[in-house]
Protein chains: 2
Amino acid sequence: MPELPFTLDQLRILKAIAAQGSFKKAADLLYVTQPAVSLQIQNLEKQLEITIFDRGGRKALLTEAGRLLLEYCERILNQCDEACKAIEDLNSLKGGTLVIGASQTTGTYLMPRMIGLFRQKYPEVSVQLQVHSTRRTGWSVANGQIDLAIIGGQLPGDLENLLQVIPYATDELALVLPSKHPLSNKKELLKEDLYKLNFVTLDSQSTTRKVVDKLLQDSGLEIQRLKIEMELNSLEAIKNAVQSGLGASFLPVVSIERELAAGTIHKAFIADLEVKRALKLITNPSRYTSRASEVFKKNILPQFASLDSPLRKI
Amino acid sequence: MPELPFTLDQLRILKAIAAQGSFKKAADLLYVTQPAVSLQIQNLEKQLEITIFDRGGRKALLTEAGRLLLEYCERILNQCDEACKAIEDLNSLKGGTLVIGASQTTGTYLMPRMIGLFRQKYPEVSVQLQVHSTRRTGWSVANGQIDLAIIGGQLPGDLENLLQVIPYATDELALVLPSKHPLSNKKELLKEDLYKLNFVTLDSQSTTRKVVDKLLQDSGLEIQRLKIEMELNSLEAIKNAVQSGLGASFLPVVSIERELAAGTIHKAFIADLEVKRALKLITNPSRYTSRASEVFKKNILPQFASLDSPLRKI
DNA sequence: GAGTCTCCATAAAAATTGATTATCCAAAAA
DNA sequence: TTTTTGGATAATCAATTTTTATGGAGACTC
């Protein structure tokens with residue numbers, strides 16, 4: 001590993017002298033004394049074993065070696081300036097990348113709106129959204145591939161301790177029926193009515209599915225008695241199936257806002273049963289938090305947080 | 001003029017850490033202690049107001065800002081390395097340019113051989129030859145446009161003192177006749193025979209012409225009695241004129257070697273008259289001497305110098 | 001899970017580097 | 001000539017950097 005034969009300061013001085021044609025003027029320009037520039041140039045010449053300036057006449061003129069060095073000097077200093085600007089932009093959120101993680105539901109129905117808001121405020125920060133399972137998202141946050149994420153499922157125990165988990169919002173999983181289903185006229189269903197329905201569900205690996213199963217089970221239902229018409233792996237597909245009258249399903253309300261408004265899907269109420277899950281914000285406290293990430297968490301998320309979230313208070 | 005927010009040393013350290021994935025290993029690589037590395041990175045982070053490394057785990061990982069900076073860092077350091085190499089090449093004569101000045105005669109007949117020899121030894125140094133009048137060449141040397149030059153005439157007095165003038169070689173100006181000229185049979189001519197000749201000469205502005213006139217005059221000849229058939233401004237043109245039988249001329253022997261060997265031109269000897277002029281090497285002592293110029297003067301010129309030149313002794 | 005190791009941070013002391021003031025010298029300008 | 005200007009040099013002084021020594025936190029080992 002070779003020693004560096006010059007410093008940026010020396011290059012800066014070299015450039016100044018070349019521009020001003022004089023050691024003294026360069027010194028004035030750089031707000032140092034003339035001996036300082038003299039010594040630095042002498043050091044530079046000694047270290048590179050070249051003569052850079054002809055000091056003979058009234059003006060300090062570059063030698064051939066001097067001209068050669070000046071060329072590189074300008075390039076190097078330009079790169080330095082550019083680097084500074086890039087860093088500044090990053091600091092002032094005029095650049096950089098924010099990587100956000102989310103589970104299927106949040107990623108599909110919530111994040112686009114949030115990211116839109118963020119980009120409106122900081123159009124020069126590029127945002128990347130990664131939709132993965134809770135588990136995978138958790139690991140990505142842990143090893144820094146994702147800056148922050150919102151998940152709806154339960155993290156593996158080891159990650160639970162490693163990451164910072166903040167309750168963020170409550171996501172209601174509504175029971176939805178085809179709008180022309182006989183039961184869609186009843187004001188309120190009973191739990192037992194569920195056994196009469198044909199369900200279209202997410203596949204059993206899905207976090208959302210597990211959450212729903214667990215909540216139903218906790219409320220005293222025997223989930224093996226529920227009839228499952230089919231298992232699909234996309235919420236959109238399930239929505240279409242329900243609208244086509246193929247069956248009922250538990251779907252996040254955020255995912256069916258449009259359909260409810262249009263009346264193509266019916267949301268049913270069940271006595272003594274609310275299927276709700278907590279959405280959680282996860283970050284990695286042991287990692288550097290980018291400015292963009294910070295701002296997203298402080299300014300964007302709270303606007304979508306539920307009232308009981310700690311994020312509301314900020 | 002903005003302060004530089006980082007030093008090359010810091011960039012070097014940054015690069016080393018990024019490459020090694022560890023502060024300690026970087027320290028070892030750079031032959032410094034680990035705290036030195038730590039502090040420099042801390043300074044860098046403080047000055048740029050960014051976090052560069054996540055120091056959490058086993059390895060030091062770059063943050064987004066770190067990666068951004070590293071990119072510029074590599075570019076900058078590469079430019080530095082390149083600059084060093086270019087300078088080294090210049091020092092070791094593996095690059096650079098040598099600008100040589102010469103008058104018409106030397107430039108045409110002597111320099112090409114010298115430059116050939118030089119380029120054979122240092123093929124990577126590009127050589128530029130500028131053929132101009134003695135006067136103009138002198139000024140070019142004075143203001144540094146030419147590294148060194150060989151002239152055959154007299155410099156203006158002021159330049160004479162400013163420049164270093166070293167006798168370099170003696171250039172004989174031979175009286176040449178058409179080979180079928182009646183006088184070309186005589187073993188030796190008398191001075192008076194010159195009055196019988198028709199001369200083809202360089203134009204009267206030319207340094208060589210002035211030198212010849214002066215030497216003839218000094219030897220007692222009345223130059224206004226010499227018959228001048230025509231004045232041309234090119235030695236080659238004169239050579240052709242002489243070969244065509246149009247007249248006689250005084251020409252530098254170096255310029256007619258080939259013609260003498262071929263017998264197309266006759267060189268006459270004149271009793272008690274030798275027309276010789278001194279070729280002189282001129283350099284500018286108050287200016288930086290490039291390595292190439294140095295080497296040319298020390299190693300190439302002597303091989304072509306006459307025995308009485310100081311350059312021979314080197 | 002206690003012990004050990006590794007790696008980074010920190011504090012104080014030592015060394016190196018760089019800047020300044022005060023002259024000096026040489027060359028250009030008057 | 002004399003004066004002026006620009007650069008070199010020397011000694012002092014200040015700042016930065018490096019080192020030594022030490023502490024603490026996380027990661028492997030048994």
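Each chain gets a letter, A, B and so on, in the order its sequence line appears, and its residues count up from 1. From a predicted model like this one, the values you see are computed outputs, not experimental measurements.
- In this structure, CD of A/Gln20 is placed 14 Å from C1' of D/dG6, rounded to the nearest angstrom.
- Taking atom CG on B/Leu30 and atom P on D/dT19, their separation rounds to 11 Å, with Å as the unit.
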In sequence, state the C-alpha distance, the side-chain angles, and the governing distance for B/Glu74 and B/Arg67, and then conclude on salt bridge (Lys or Arg N to Asp or Glu O under 4.0 Å).
CA-CA 11 Å; B/Glu74 311 229 283; B/Arg67 280 191 298 275; over 6 Å; no
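- For A/Asn161 and D/dA27, the CG to P distance is 13 Å, given to the nearest whole Å.
- Residue B/Asn43 has no polar side-chain atom (N or O) positioned under 4.0 Å from OP1 or OP2 of D/dT16.
- Distances were taken from every side-chain heavy atom of A/Gln40 (C-beta onward) to each of C/dA22, D/dT20, C/dG18; the shortest belongs to C/dG18.
- Side-chain atoms of B/Thr137 and B/Ser140 include no donor-acceptor pair closer than 3.5 Å.
- B/Arg12 has a carboxylate O that lies under 4.0 Å from a charged side-chain N of B/Asp9, or vice versa, which qualifies the two as a salt bridge.
- In this structure, A/Ile52 places its CD1 atom 12 Å from P of D/dA8, rounding to the nearest Å.
- Not one side-chain nitrogen or oxygen of B/Gln34 sits closer than 4.0 Å to the OP1 or OP2 atom of D/dT20.
- Residue A/Ser38 has a polar side-chain atom (N or O) positioned under 4.0 Å from OP1 or OP2 of D/dA8.
- No hydrogens or angles were tested; on distance alone, nothing pairs the side chain of A/Gln42 with the base of D/dA8 as donor and acceptor under 3.5 Å.
- Salt bridge annotation for B/Lys85-B/Glu88: absent, with no cationic side-chain nitrogen under 4.0 angstrom from a carboxylate oxygen.
- If you check every strand for non-hydrogen atoms under 4.0 Å, A/Ser22 touches sugar and phosphate atoms only.
- The distance between atom CD1 of A/Ile41 and atom P of C/dG18, rounded to the nearest whole Å, is 13 Å.
- Nucleotide D/dG26 holds its P atom 17 Å from the CG atom of A/Asp158, rounded to whole Å.
- Side-chain proximity of A/Lys24 to C/dA9, D/dG6, D/dT17: nearest is D/dG6.
- Remark: A/Arg55 is not in phosphate contact with D/dG6, judged by side-chain N or O atoms under 4.0 Å from OP1 or OP2.
- Rounded to an integer number of Å, the gap from CG of A/Asp9 to P of D/dA15 is 16 Å.
- Separating the CG atom of B/Leu39 from the C1' atom of D/dA21 is a distance of 14 Å, rounded to the nearest angstrom.
- Taking the six-membered ring for Trp, A/Phe23 and A/Phe53 have ring centres closer than 6.0 Å.
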